[in-house]
Amino acid sequence: MFKAMISGIVQKHLKNKVLKSTIKEEDIEGVLREIRIALLDADVNIIVVKDLIKSIRTELIGKIVPENLKLSDYFLNVVKEQLTNILGQEFEPFNYERTNLKIMMVGLQGSGKTTTCAKLAKYLASRRNNNDKASLTALDIYRAAAIDQLKQLANDLEIPCFEKGQTDVASIADYALEQIRNEKININIFDTAGRLQTDEKLMNELVMLKRKIQPDEIFLVVDAMSGQDIINVATEFNNYLNLTGIILTKMDSDARAGAALSLIKILNVPVRFLGTGEKIGSIDEFYPERIADRILGLGDILTLSEKAYEVIDEKDAKRSMMRMFSGKFDLEDMLNQIEQMNKIGSFSSMMKYMPDKVKSSITEDKVIQAEDKARIWRILLCSMTKKERHNPKLIMRDQTRKNRILNGSGRRHEELNKMLKDWQKARDNFEKMGKMMQKGKDPWKEMGF
């Protein structure tokens, strides 16, 4: 997320440093200076940086490092605690179960607001116990095709989009509110017009809509790639509307996000959700501690696990594990695993959640190679019959079958042979591991993983 991960700076300065007494200013002066530079380089607001450095210094100087901790680890724990405080000390999970929930979405053009409306509608509906339907209301009458875009997104989600083809936002809002009451819809997202910049006339329109809609939440949608200018823009939105939350988009990019994250401290408004991709399902709830881990380079395995849990069938996963460790792992199982991984996301997107230690051991070239291999294998596997995937020996013994698969997939002989060889090796290794576990041994240790 930040150009220079703080954990790397800490390790460089403090990894081998041993203290015989309390922590002094000179012990941490160098590392604090580099952290300050890294945060400013990442567009974190200078006021936020000063407050963070001051709080870290206050927490460290004069303290004694516990005997069971290295100075570098103790330092990182303090930094994480102070970062978490800035990102949302009194964090409360979003209340999904409110009746007749109305959310008004505001922001600048190009922030991804309209798409985020659809993402949020799907996310909130999926988390309600009764899996309620949601609705979208199109109040952006100024941007060309904005209403059509929202209608298409609503159509994809099979939910209503209220717009009535009018050019008066007050009339559209009245119509939507009437439909919401009549249809008893409990999740309602209102997409207002995006602004190129804050404009008094358009801001007054938002104030009017706020009075009419009486939303439970007003979310400002912010592009994570925004620079320092976003702080003045967000402040103006907050002054007019009294924002209740922020949604950061494009958090799957290499955006440093410093300016956007500074808003939490400056406005005293919580970040509620993160947009993590272009797909409708690419939205996560914001957890301050997890984001602090990402900033520190410690990864975010919890969020990755939750993503996997959402898309992977637990029974299928258990059945697949049993087959793997009993030596029954076939090409159908391999195809299923590739399909399940695709639901979670690309390897490169998953790497963003990994700790720096893992990232440093896996080059970008290796990630690209792994993605290419999975893509090629899926093409080859889909060109086989189900019978062939369940019994790969049919392919190995029959060149005619191989030729048919290659003709149907457009791939090369060596790619098919390499896939079959790798599958055999994986099947044998899984079977060995299963036998070791039956004997009470640790297969990871025994096989040198």
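Values reported hereafter were calculated over all heavy atoms of this structure, with side chains retained and with hydrogens, waters and symmetry mates removed.
Within the 3.5 Å criterion, the main-chain N or O of Met105 finds a donor-acceptor partner in the side chain of Thr192. Although no hydrogens or angles enter the test, the distance criterion places no donor-acceptor pair under 3.5 Å between the side chain of Trp377 and the main chain of Met334. Panel note: side chain Lys250, backbone Val222; no donor-acceptor pair is recorded below 3.5 Å. Between the side chain of Arg143 and the main chain of Asp140, no donor-acceptor pair closer than 3.5 Å is present. With Lys133 contributing its side chain and Ala125 its backbone, the two residues share no donor-acceptor pair below 3.5 Å. Of the possible donor and acceptor atoms, none in the side chain of Asn238 sits under 3.5 Å from a partner among the backbone N and O of Ala234.
Among all heavy-atom pairs drawn from Phe190 and Ile180, the shortest one is CZ-CD1, 3.7 Å. Contact record, Ile280 with Leu157: CG2-CD2, 3.7 Å, taken as the closest heavy-atom pair. Between Val269 and Thr244, the shortest heavy-atom distance links the atoms CG1-C, 3.9 Å. Minimum interatomic distance between Leu139 and Ile172 (heavy atoms only, all atoms of both residues): CD2-CG2, 3.6 Å. Nearest heavy atom pair, residue Ala134 against residue Ile185, reads C-CG2, 3.9 Å.
In this structure, a donor-acceptor pair under 3.5 Å is absent between the side chains of Ser111 and Asp223. Using modelled atom types, one finds a donor on one side chain and an acceptor on the other under 3.5 Å when comparing Tyr142 with Glu205. Side-chain N/O atoms of Thr114 and Asp191 include a donor and acceptor closer than 3.5 Å. For the residue pair Asp156 / Gln152, a side-chain donor-acceptor distance below 3.5 Å is found, with atom types taken as modelled.
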Exercise. For Thr99 and Asn186, what are the C-alpha separation, side-chain angles and deciding distance, and is it a side-chain hydrogen bond (donor to acceptor under 3.5 Å, both in side chains)?
Worked result: CA-CA 5 Å; Thr99 302; Asn186 278 324; 4.7 Å; no

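Taking the six-membered ring wherever Trp is involved, the centroid distance between the rings of Phe286 and Phe273 does not fall below 6.0 Å.
With respect to Arg57 and Glu25, a salt bridge is recorded, a charged nitrogen being found less than 4.0 Å from a carboxylate O.
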